[in-house]
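The sequence lines fix the lettering, A, B, ..., with proteins before strands; numbering per chain opens at 1.
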Amino acid sequence: MGLSAYLLLSAGLFALGVYGLVTRKNAVGVLASVELMANAVNLNLVAFSRFIGGHVGQVFALFAIALTVAEVVVGLALVIILYRARGDVRLELMSELKG
Amino acid sequence: MLPMDWARLALFLPLATALLFIIIPPLRRSGLVAGVFSVLTAFTSLIAAVVLLNQVLGGARALGREVISWLPHSSLVPGPLANGVIQVGLQLDGISVSMLVIVTLVAFCVQLFSLGYMADEPKHDFGRYFTWQSLFLFAMNTLVLAPNLLQAFLGWELVGLVSYLLIGYWWRKPSAARAAVKAFWITKLADMGLVAGLIVLFLSTGSFEWTQTVAVATPVTLLLFLAVMGKSAQFPLHIWLPDAMEGPTPVSALLHAATMVAAGVYLVVRAHPLFAQAPDTQLVMAYVGGFTALFAAVVAVVQTDIKKVLAYSTCSQLGYMVCALGAGSQVGGFFHLTTHAFFKALLFLAAGSIIHGVHSNELKHMGGLFGKMKVTSVAFIVGALALAGVPGLAGFFSKDLILEEVAHKGLWGPLGALLVAAFLTAFYMGRVVFVALFGKPSKEAEAAHESGPSMLAPLVLLSVLAIAAGYFGATLSGLYGEPVHFHLSPVGIAATVLGLSGLGLAYFMFGAPQGGSSLRAAFAPVGRLAASGAVDKTFAWAYRKVLTGLADGIGWFDRYVIDGLMNGIAYGTLEAGSRLRPIQTGRVGDYVYVVVAAMVLMGLYGAFWR
Amino acid sequence: MSAFIDSHLLSIIVAAPFLAALLLLIVDDDARLTIRWVSLLGSLVSLAGSIHLASRYDMRGGLQFVERYPLVPAFGIELSLAADGWGVSLLLLTGIIITTGVLASWTVTTRSREFFIMLLVLVAGVFGVFVSQDLFIFFLFYEIAVLPMYLLIGIWGSRGKVEAKGPFAFVWKRFDIGGREYAAMKLTLMLLVGSAAILIVIFAMYYSAGGKSFDLGVLGAARYPRQMQLWAFPLLWFGFGALAGVFPFHTWSPDGHAAAPTAVSMLHAGVLMKLGAFGVIRIGMLLLPDGAAYWAPWVGGVAVINVLYGALSAMSQKDLKYVIAYSSVSHMGVVMLGAATLTVDGWNGAVYQMFAHGMMTGLFFALVGLVYERAHTRWVPSMGGFAAKMPGVAAFFVLAGLSSLGLPGLAGFVAEFLVFLGAWQSKHWWWALPGIVGAWVTAVYVLRAAKQIFFGEGPAAEYHDLKDARRTEWGALWALGACLIIFGSFPRLILDFIHLATNEYLPRVANALQLAQLP
Amino acid sequence: MLAQVAFGIVALALLGSASRVVTARNLVHTVLWLGLTLAVTAVAYILLNANFLAAIQIILYTGGVLTLMLFGVMLTHRDEGFVAVQNPSGRFVAGGILALAVFAMLAGAILRTPSLPATPAPPVTTEALGSAFLTEHVLAFEVLSLLLLVAALGAIVLARRKDAGEEGESQGAVLPERKALPTRQPKAEALPVAARTSGGEA
Amino acid sequence: MPTLEDLRPLIIDLLLLSAALLVFAVDLGLPHGRKRGLGFLTALLLAGLFAVTFFVDVDGPAFSGAYLGTPWVMLFKRVALAAGALAALGAVDHVDRHFPNRQGEFYLLLLFSLMGMTLLPGARDLILFVVCFELMGLPLAMMAAYAKADDKTRVHRHAAEAGLKLYLVSAASTAITLFGLSFVYGLSGTTSLSGIAQAPMTPLLAVGMMLTLAGMAFKVGAVPFHLWVPDTYTGAPTPFVAFLSVGPKATGFAALAAVILVAFKGNQAQLGALVLLFVVASIVVGNLMALPQRDVKRMLAFSGVAQIGYMMMGLLTGTQLGLGMLLFYVAGYVVTNMGAFLVLEAIAPDRTGVTLDDLNGLWKRSPWLGLAMLLFVLSLAGIPFVVGFWAKLYVFMAVYEAGQGWLVLFGALMAIVSLWYYLQIARAVYMGEVKAGPVAVRPALAAAIGLCLFGVVAMGAWPAPFVESATAAASSFLGPR
């Protein structure tokens, strides 16, 4: 299988993540979608490092994974805060600041 | 003292007085003191003038001139005005000196008269009155002694200003305030011609000199004449003069009869070399003058206000002078100016004395005053006869000279007008005399009494001049270097006959116990015409409808269209801001959506940018 | 000491008001008298300095009293001051106006400290503009002179009434038209739009002249490409013209002047509007001669519109301050007209008109302020017979009016006459006619206003606290009135200075004019 | 041949599970599907000879993240949490269009790009990976550790439920919950709030 | 192999790290309710560090080129440190009042975020770049939500909303950035910025660049990636907003410059068009939407968006003058905007929302605060003799020099539009009627505001030295051309 196949695959993954990102209403759901996108990134990196050689890609992928994890941690903390504040985590309700 | 020093004295002493009154309010408010002070000033300048006249008559025809540069001026284009200055100064010669004498003399008489006439005024107003009187003397002398047209213009405008101030002396009276403004507007309207004329003259010749040859004589002189029409109340710009009678009577005597209104004539006399180059202009002047003389005389016939009668008569006489100048005889014009200055001032002062006596301007409030105020009446009669052109008195000589010149030029139209005017003049003066002095006394007239000496003295002095002035014609003409010998001409005789018949008719109608009412009826249409004030109405319409309407239109346009446009732009911007607000929905989903969408677009841009 | 003064004269003149303002920062807000005296002192120093300058100015002309301090060497910006003939005369004007302005606003009680601070900062800017020889500094001072207006009008202003009418009536929904804050905002924004245009041209000149220095001498020596001049000059004309009240960008002026407090109107109409005209001549025409030669007919044409349009608009106004404000628009038209003639007489007249109109309109606004303060209305039709209670004010009002309608012997006449002379010499002789007519229309509305306000019966009962001018106000009125008469009777006192600079500067433009006339 | 088949399977599984992640109505299911996706990704890594990464992926992600998110779901769990709020279908359409656009854009770029290598390069050894961490990327590595530290720290501080000595905090945590409790039509409750405090009308 | 020598260019950052650890330790040591000193300690340390920057030499590469120290980098470090110090000083009272027992963590988050900011400008390796980016960004999201739960003033609700909005948008754009970078890496085969510049251009690489830029644009908040800005500013605690509104933006520009002018050097034309788009959009949208705002924080948020547009002008030119003036602008913007927000904090310490009415009559309630606010808004508007004027002017000069006069005209006109709302603030301060009593400003906050004011006035009165150093830094960044 060529590189482009993998790239297309991760592109699809990314697109799905985008879909979730904009359709999900629940904060956790959104986080999950972001995870998908991050996952697509990693798949990209690994695929590249496989086909163009060198370890940089995998290193990058590892860093990316770590970053994503850190993000999830923070994100969940914020979701909890929101829940405490409003007793609800549905995002479309969170629109008091606007205009 | 050198002539120049006398001249400076005559010029600046009144100014100094006026400034003193302005700067030191206590002096101004001191009333009588200020008055006397001002009179003495006028007297001093009179002395100076007489001294100068004496020297002129002594043979020194031109006592010389001195100028200082007033404005720097230069132009990059080479030519007459490559580099130079605009000058002001003093010029002493026969014309200016003799005019100076007339001005100072009449001014002195009037101020002296005013001491008594204005005695009842509150102190500070009294002081203000004499402040303006002194200022007038300065302004008029500036005009008279002007070495060039520019300074003449300066004085010209200043006398206009003083006229505005003095007409509005009783500013609490709305009519007075309005009359003052009206006078200023009309004269200023005419003065636009003077400004334009000056500019054209200056840029074509490079100087403002009185005597020079100019290529564009006709337009220049026409423009100047426009100003003359305004200042000397020629039809149709005469309308301000009758209203100007709102001012105190001595003011009318000085400004609006003797001197200021004559400034126009004086200007033309001075600038004769210019006008001589423009025969077309002179023709126009002749006809305008002639018509004005006739028209004003006709209107004067039906006036019931004694001052109005005199005012229209002034218009008419100025018409005579202008016509004379149109006929190219500045001697005639200037001679009549002189005599007219004396007898018309006399008439006004006498009228003032009468008004002082009966506290009214209306002829019907007078009558039978001859018995009560002898001196005044005599003075008035002398003036009236002089004006009517009765042989032997001043008016006779000057009028005769004018008619002769006009006839000599073959200007038959104006000549006819002048002859009719001569008849009418005699008629309306006779009317006033017979009604006011010999008519049936009205109840106001019962209480009338003779005025005090300070008022009578000027009357006497002026009466003498009104009688005698006519005999100095030769001398006067000698002063311009073109002597005229007087002889009785057929037109002169005709005019005399007409004048006498006019007096007779007046006696028959108003003096005789049984007046011919049928003849009175004959003048009814004239009365209606005069009462309708057609010219006045035309001007009022032009002001109200045309000028004000245009102004209001433009004002509206500026406020609501031009300014509205600016506001509209600002409004649009703010509106845009408000309209944009909804895109900030506050829903994070939408924000993310936008972010990703923008990313897609950027990606497409990247994928296809080459 | 005197050596120091002579070598730093200009910076003293410019800095004195500014230092006074700084001093006021530490003065207690309630010490009203101290505040006033400090500000009066500051302005007096500048006035004295200007007089000293005039007395010491060498009549051989040229730039004198030069001072240079580098400001931003990286871009060749340096604080360089020097006085030419125009500068001398306009400095005198500014000194007189600010001094009388302080005297006239002696009675300002609300927040007087901030008021005088703003006033002095503003006037420091004005002084700076007239003497700065570095285009950038020029612009800087220009902005400083324009901006304090916002607060000055917004805080101490008053409101006129303009009812909602016309095709743009809908804007009344958003704006409080006639309100002081509206006026202040409008003035600031419109003038700054002008500044934006100016900025571009400044950059254009700077880079086209080599991008080394903003010095006016350097920029003036550079030959700019004709194309550049052709687009740059109109921008400058618009930019500065907005402040000079050039049609149709004048509409800030009536609202602004009407809303502004007395001293501010005096300064703004008396001096600030001159900055605009000065900028058009000093920067626009001298640095962009080709552009000036090409666009002169348009500038003059618009100026002619200004003269008549302003006069007629003034005639239609009922609010006294609006009358005077529109008359300023009309008279600034005379200035621009003189500038557009590109003749010696025209330019002399233009600058002299700046001077004369400054005095005159200063006097006018001082009087209007007095009347408004005592009568609590500016609505002319409701007034009448005030002369009974305030004869002095009436007299000075008439005096100012006479000067504005160009009565000989008063300053206004000299200026207008010279401008008309110049106009007649220019390629468009007919320009003089609207000017002359405009002078007559001025006579109509000014005297009508005077008659309506001061003469006739009255005053009506509701005007109970009418009274004549008071201590310091007399000072202001007499000073300005005397100036009108003196400089009207002896114009050479100022005109000689102006004439020097004009003769020095005009040839640059005139050469371009000759070139422009070549086929 | 085998590789193709394997890739096909992985791809299908990946996309399938991912699509469930973004469409599942029940949050818990969402998270579980996410876990599956990540796991399948690990398989893909193995196909790409990145075994170490695959291991990390399984341990760190499928372990850590999954647990975390489940915690999150539980903590913020609500009765109506499982019942998805009625959703304007327009949103799904818009989302679909956007996702398609994204994919089209990326795919277009990928397909228009020549010279994408079709043959794998020699695989990377884990040692090389490790040494890279400690040599050329040591700085980034250190910074990363700081990042993780700050993330943990911040998360703890924020999520700490009770904060001794801070008045108001405790009810602050509870009160709004009670206030907002019965929300069949949540908008009804949310709107006035929005009206009260939204960023100011002109 | 890394040696100790590699640490020399990073000395500032190491000191910063140790400062953070020190604060951490002291925090553990201090008893509950006595932690007020931490704020002063942080501010003091940062100020000291700021001073240190003038005495150490950090030029030169490190870690095999992953990091490169230059004067340019140093100036950005200084800006960040100054911002941090001022923010810490300004936050002392707020923090002590609202969450007395969680102060340490707050300052730690601040310090860590700062560490990201000081490192990022020097990063020359994609991986380091990304990590620093995250280190800078993550703490911000947390600090945004870092507030006391007091239902009366709704701080908590809004803070949480603000934090989550910031977080979600940033998470999305981080994913986008990473995705883009993955392509960039894959098609250039390297992660060093200078290496990327050599790679042959292909559509996919271009797409990668674009995605990367999208992420960066989010960080500086350029239109259309600005939508989170107003909401976050409005909802988050004010002292933090003061920091958020300046620190990340400054660093974001360093990042943008590194990406556009170093990594994607070859494509100036195309990228220039894109940046121009950002410039125009940001200026227009920011200014227009600020016009109708009544909430001052929100107004300043939109104005910030517009200001970003002006700064980007400098980036757009890509010339030495342009970048130098961008740097000058950023420096001036830091003190100005920080000061403005701190004044708001001083006026309404208990609320996140501050409307124009709260400013009414400030001239009376606290003359100096009023004057400060006036000068800050004037500086934002670009009025002479405050730093903002020179900033705008110099950027305009750069743009004109780069041959885009029309852009100058556009910018100047929009600046006048912006004057409308800035003057609304001045209006409220000086013309609004006085209702409330005097404002009591706590010394720490007053000191912070005073410092900002000093900066604004000093840089406005004597800009020359700043201009010099900025241009020098720019040339060091661009290197010999």
Participant: Any heavy-atom pair between the side chains of E:Trp420 and B:Leu574 that's under 4.5 Å?
Facilitator: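 Answer yes - side chains close enough.
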Participant: If you look at every heavy atom in E:Pro292 and B:Arg581, which pair is closest and at what distance?
Facilitator: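 Closest pair (atom of E:Pro292, atom of B:Arg581, distance): CG-CD, 3.6 Å.
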Participant: So what's closer than 4.5 Å to chain B heavy atoms on E:Leu213: side chain, backbone, both or neither?
Facilitator: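 The answer is both parts of E:Leu213.
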Participant: Hey, which of E:Pro230, E:Ala217, E:Ala171 has the most heavy atom pairs under 4.5 Å with chain B?
Facilitator: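 The residue among E:Pro230, E:Ala217, E:Ala171 with the greatest pair count is E:Pro230.
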Participant: Ignoring hydrogens, what is the shortest heavy-atom contact between B:Gly586 and E:Asp231? Give both atom names and the distance.
Facilitator: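 Smallest interatomic distance, heavy atoms only, reads CA-OD2, 3.7 Å.
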Participant: Calculate, to the nearest 0.5 Å, the distance between atoms CE and OG1 belonging to B:Met599 and E:Thr177 respectively.
Facilitator: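 With rounding to 0.5 Å, CE (B:Met599) is 10.5 Å from OG1 (E:Thr177).
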Participant: Under 4.5 Å heavy-atom distance to chain B, tell me which part of E:Tyr421 shows up: side chain, backbone, both or neither.
Facilitator: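 For E:Tyr421, neither part sits under 4.5 Å from chain B.
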Participant: List the atom of B:Ala607, the atom of E:Val207, and the distance in Å for their closest heavy-atom pair.
Facilitator: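 Where B:Ala607 meets E:Val207 most closely, the heavy atoms are CB-CG2, 3.7 Å.
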Participant: With sequence neighbours excluded, tell me which residues meet salt bridge (Lys or Arg N to Asp or Glu O under 4.0 Å) with B:Lys123.
Facilitator: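 For B:Lys123, no residue satisfies salt bridge (Lys or Arg N to Asp or Glu O under 4.0 Å) once neighbours in sequence are set aside.
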Participant: Looking only at heavy atoms and a cut-off of under 4.5 Å, which of E:Leu277, E:Leu168, E:Ile176 has the most pairs with chain B?
Facilitator: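 When all of E:Leu277, E:Leu168, E:Ile176 are compared, E:Ile176 has the most.
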Participant: Within the 4.5 Å heavy-atom criterion, are B:Thr573 and E:Leu288 side-chain neighbours or not?
Facilitator: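 Yes - at least one pair of side-chain heavy atoms lies under 4.5 Å apart.
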Participant: Listed by chain and number, what are the side chain to side chain contact (heavy atoms under 4.5 Å, CB included) partners of E:Leu227, not counting sequence neighbours?
Facilitator: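 Once residues adjacent in sequence are excluded, the partners of E:Leu227 under the side chain to side chain contact (heavy atoms under 4.5 Å, CB included) criterion are B:Gln584, B:Tyr591, B:Val594.
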Participant: Would you check if B:Met602 and E:Leu211 make a side-chain contact, meaning some heavy-atom pair closer than 4.5 Å?
Facilitator: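 Contact flag for B:Met602/E:Leu211 side chains = no.
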Participant: Any heavy-atom pair between the side chains of E:Met289 and B:Ile583 that's under 4.5 Å?
Facilitator: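 Touching, per the 4.5 Å side-chain cut-off.
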